[in-house]
Every structure is written in structure tokens, then in C-alpha cells.
Student: 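The structure is given below, and queries will be raised subsequently.
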Amino acid sequence: MKIQTIHLDEEQLIRSVVDENDLSADVRNHLSACPMCQGKKQQFERELDTLGHMAKIFAPSPRESVTYSEKPGFFEKVGFYPLLRPVLAALLIFGIILPPALLTISEEERMARLVEEMENDRQLMTEIRALEEDALPDFYQDISGEFYGYFDEEFVNFVAPMEETRIRPAGRFASSPD
Amino acid sequence: MVNKDYQVSELVENAISGDKASLEQLVSLFHEDIYRTVYYRTRSRMDAEDLTQEIFMQMIKSLPGLKNTACFKPWLFRIALNRVRDFHRKKSILNFLGTTTDVEDAGHVGTETHSNPADKVMQKEFWKQFHQFTGTLSRWEREVFTLRFLDHLGIREIAEALKKNESTVKTHLYRALKKFRQNPELRDLLKGELS
Ligand SMILES: [Zn+2]
């Protein structure tokens, strides 16, 4: 096996960290046989590992997990109206003879409902947090000039047009996450 | 890693077919990673928390349309990067109108992750040096570098997440690393931590 005797230069060292397979065979053979070049590469990689580690420990942990709370069940909602229960029971009996297709929920609907529940929870949490930070009601915030309302997509695109390089899912992903 | 990838693929398939437990497991598996990805790009804990919630809701909504379950991770990161980009665009409008109080700060001060004063100083210094360094990078160099060394994505995953080819990703990464090597302040700080 031919082994290059010259040590890796700065460019080759960086390329070895990006992807060692992109180096020429001679340079790769040298790297695998030379403790000095291996040491340099490992030192470089350790610096980058430390960077990732420090970023992780110096970032705060999330205070809450993603919200999944369930809404109260149907009978819990009507719990205050016991007289309605026979009516509901009758409706359920008639429901049995309805075509089953009317009663099944598609996957998309299930996901949409889950998203809706989570969105409601999120809005509630946002309102609570906004209150923690600024307890002024909307009316007074309007007066104090701190409340700036909602901008729709059209307005956003008008003031800050989307760059052409915008990241957009395409190709094999049928559904756009935008 | 292969096992984890397999596990993720299986969870994705189960979640798509309506298994709520798999969906929740999937979310909890990536929750902290996505939160940090957003935090590194917003420098605000509150914004990162809100955006993370939105990203996972978007994920759940779009999941039935995901064709290749093996590509779930870069697909999820793509949703996250899109959402962060929208956030910055809207924020730039508020800044332009002069109606926002900027909660972002260059040193990530106020995040209170460490009670020890020496750690706090170190934390502040780290983010200061890090943002000074990323300030020398182009937008793509910064994105690729951060995805590779802070978010720990592989080259192929980055290429998939950014919809760029692998050689373009490597070119940006090479340029970013070259600038990293020419940044003695940040490297000294990291070497000090290593020794
Ligand atoms: Zn050598």
C-alpha cells in the first residue's frame, strides 16, 4: 500500500472532518497510518463535540412538554342536565341504524381534532403566559400602545416578501408542512 | 443508531395509522431536540417553547402525507426550520414598525439555566463567542454548521432537511469550518473546557 509521506495540510484536515471519504486514496491511507495527523483530526473533532455539548448545557430546558390534554367527555359535559339523558339514549339507539360510514372518523379528521385540541390548549397557555408578563387587559394595552394585533399572511408577504431560497418541503413528501 | 432509526420508523407508521400512544412517543422522543433547535435560532426560551408546540401540531397535521417514513427526522427538522423562518419574518415586521420589545439577547442572558455565578459567566461568554463566530458565516454556512454540530444531523439528513444536494451541504460546511479554524477566541474557550 502506497502511503503519502507528507502530512495533511489545513484544507485536507478540514475535508477529513466534513467527510473522510472525500479525500483521495493517498491522503486517506496516510491519515489512517499517521498518529500525528490522526491526533490533529481528533483534537479538531473534540472541539466541535465540546461546542455541541456546551450549547446543549447552556440552553434552558423546556418548561413544558407538548400539550395533549383531553377535552371533557360528552356525558361529563351534559352532567348538569340529567333530563337530557333519555333523549341522548334515544338518539344513540337511532344512531345504530344509521350507516356505519357516518359514524366512523377518518384519519385526517382524527388528526385535525387532535390538532384543534392542542391549539386550544396552546392558546390558553399563551394567554396565561401573556398575563404573567403583562397583566393589563387588551383595552388598556390598546391605550398604552403595546398591543399590536395580528398580521395576516398577505400583509406579511407584502412587507417582508418570502425569499426565493425559502425552505419548502417538496418531492417525495406529498403534504407540505407550511 | 440503526435501532433508533428503526424504532422511529415503526413509531411513525403506527402513528400514521392512528395509534395515539406511538404519536405521543414520537413527540416525546424529538421534543427536546426540536426545542433546542428552535432555541439556538431564536435565543428566547418562551419563543422556543411556543414554536416547538406549533411545530409538533404541524407535524401531526402533516404526518398522514409523509410517504417515506425513514425520512421522518429531516422532514420534522424541515418543518421546524420553516416555522423559525416565518417567526423571524414576522418579527422583522414588528421591528420595522417599532412595536416590539425585543426579548432576544445576544448572550442568552435571562435564561437562568445556571445558578452558579461562574457558570453564568461562562454561559454568557460562550453564547457571545458563538454568535460572534456565526456572525462571520453566510446564512447557509450558519445553518449547515448549526445543523451538523449543534443539532447533530448527518450530511444526508441536512441535505434532506434543506432540500440541497450533499455536495452543496459539504461545501457550506467546509467554508464554515475554515472560518471556525480562524476563530481563536471561540476555539480557546472550547480548548479551555477540554483541558
Ligand atoms: Zn501525518
Side-chain angles (χ1 to χ4, degrees), chain A residues 10-11 13-15 17-19 22 44 46-68 107-108 110-112 114-115 118-119 122 125-126 129 133 145-146 148 151 155-156 159-160 162 165-178, chain B residues 18 24 27-28 31-32 35-36 39-40 45-46 48-50 52-53 56-68 71 75 78-79 81-82 85 89-90 92-94 96-97 99 108 111-113 123 126-127 130 149-150 152 155 162-163 170 173-174 177-178 181 187 190-191 193-194:
Chain A
E10 179 71 4
E11 192 217 306
L13 183 65
I14 297 173
R15 290 208 182 281
V17 171
V18 173
D19 188 348
D22 291 345
F44 190 0
R46 270 200 298 271
E47 280 176 37
L48 294 163
D49 286 345
T50 306
L51 177 79
H53 176 70
M54 287 176 88
K56 186 176 175 178
I57 60 167
F58 288 149
S61 297
R63 284 170 293 198
E64 60 205 35
S65 54
V66 174
T67 321
Y68 281 109
E107 209 40 61
E108 282 73 17
R110 206 202 311 266
M111 289 295 188
L114 190 58
V115 167
M118 291 167 73
E119 177 61 25
R122 194 188 65 81
M125 284 312 295
T126 306
R129 249 195 257 125
E133 290 184 12
E146 286 298 317
Y148 36 75
F151 298 99
F155 179 77
V156 170
V159 182
M162 192 79 85
T165 49
R166 180 181 157 71
I167 300 162
R168 181 173 290 280
R172 81 185 80 177
F173 304 126
S175 165
S176 163
D178 279 8
Chain B
E24 287 184 358
V27 171
S28 78
H31 178 242
E32 289 209 6
Y35 162 80
R36 270 193 296 271
Y39 179 76
Y40 296 148
R45 182 187 211 167
M46 200 173 119
E49 286 168 345
D50 288 348
T52 301
Q53 177 76 29
F56 280 107
M57 287 203 292
Q58 182 69 63
M59 178 207 96
I60 294 167
K61 220 191 285 184
S62 306
L63 202 55
L66 176 63
K67 292 286 177 277
N68 185 351
C71 284
W75 177 81
R78 191 171 178 75
I79 294 175
L81 297 178
N82 268 338
R85 169 120 10 133
R89 286 174 67 233
K90 287 183 184 176
S92 72
I93 292 167
L94 297 177
F96 172 75
L97 298 174
T99 50
H108 297 240
T111 50
E112 304 292 337
T113 54
Q123 179 185 23
F126 171 78
W127 287 119
F130 179 74
F149 297 110
L150 273 70
H152 305 290
I155 300 284
L162 299 177
K163 286 281 173 254
K170 285 178 188 175
L173 193 57
Y174 173 83
L177 284 173
K178 197 171 175 182
R181 295 280 286 180
R187 291 188 65 200
L190 297 171
K191 281 178 195 160
E193 194 68 12
L194 270 170

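Within every chain, numbering begins at 1; the chains are lettered A, B, ... in the order of the sequence lines, protein sequences first and strands thereafter.
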Student: A side-chain contact here means heavy atoms from C-beta on lying under 4.5 Å apart; do B:E193 and A:R46 qualify?
Tutor: no

Student: Looking only at heavy atoms, which two atoms of B:E49 and A:S61 are closest? And how far apart?
Tutor: OE2-O, 4.4 Å

Student: Could you tell me whether the side chain of A:M54 reaches within less than 4.5 Å of the side chain of B:W127, counting heavy atoms only?
Tutor: no

Student: Of all of B:E32, B:R187, B:K178, B:M59, which one pairs up most often with chain A through heavy atoms under 4.5 Å apart?
Tutor: B:R187

Student: Run the side-chain contact (heavy atoms from CB on, under 4.5 Å) check on B:L173 and A:D19 step by step: do they pass?
Tutor: CA-CA 10 Å; B:L173 193 57; A:D19 188 348; over 6 Å; no

Student: Can you list the steps and then say if A:L51 with B:F126 is a side-chain contact (heavy atoms from CB on, under 4.5 Å)?
Tutor: CA-CA 9 Å; A:L51 177 79; B:F126 171 78; 3.8 Å; yes

Student: Report which part of A:E11 has an atom under 4.5 Å of a heavy atom belonging to chain B: side chain, backbone, both, or neither.
Tutor: both

Student: Excluding sequence neighbours, so at least two apart, what forms side chain to side chain donor-acceptor pair (under 3.5 Å) with A:D22?
Tutor: B:K170

Student: Any idea which of A:V17, A:T50, A:D49, A:I14 has the most non-hydrogen atom pairs under 4.5 angstrom with chain B?
Tutor: A:I14

Student: Specify which of B:Y35, B:F130, B:F149 makes the most heavy-atom pairs with chain A at under 4.5 Å.
Tutor: B:Y35

Student: A quick test of your reading: do over 12 heavy atoms of other residues, nucleotides or ligands sit less than 6.0 Å from NE2 of A:H53?
Tutor: no

Student: Roughly how far, to the nearest 0.5 Å, is the CD1 atom of A:I57 from the CD atom of B:Q123?
Tutor: 9.0 Å

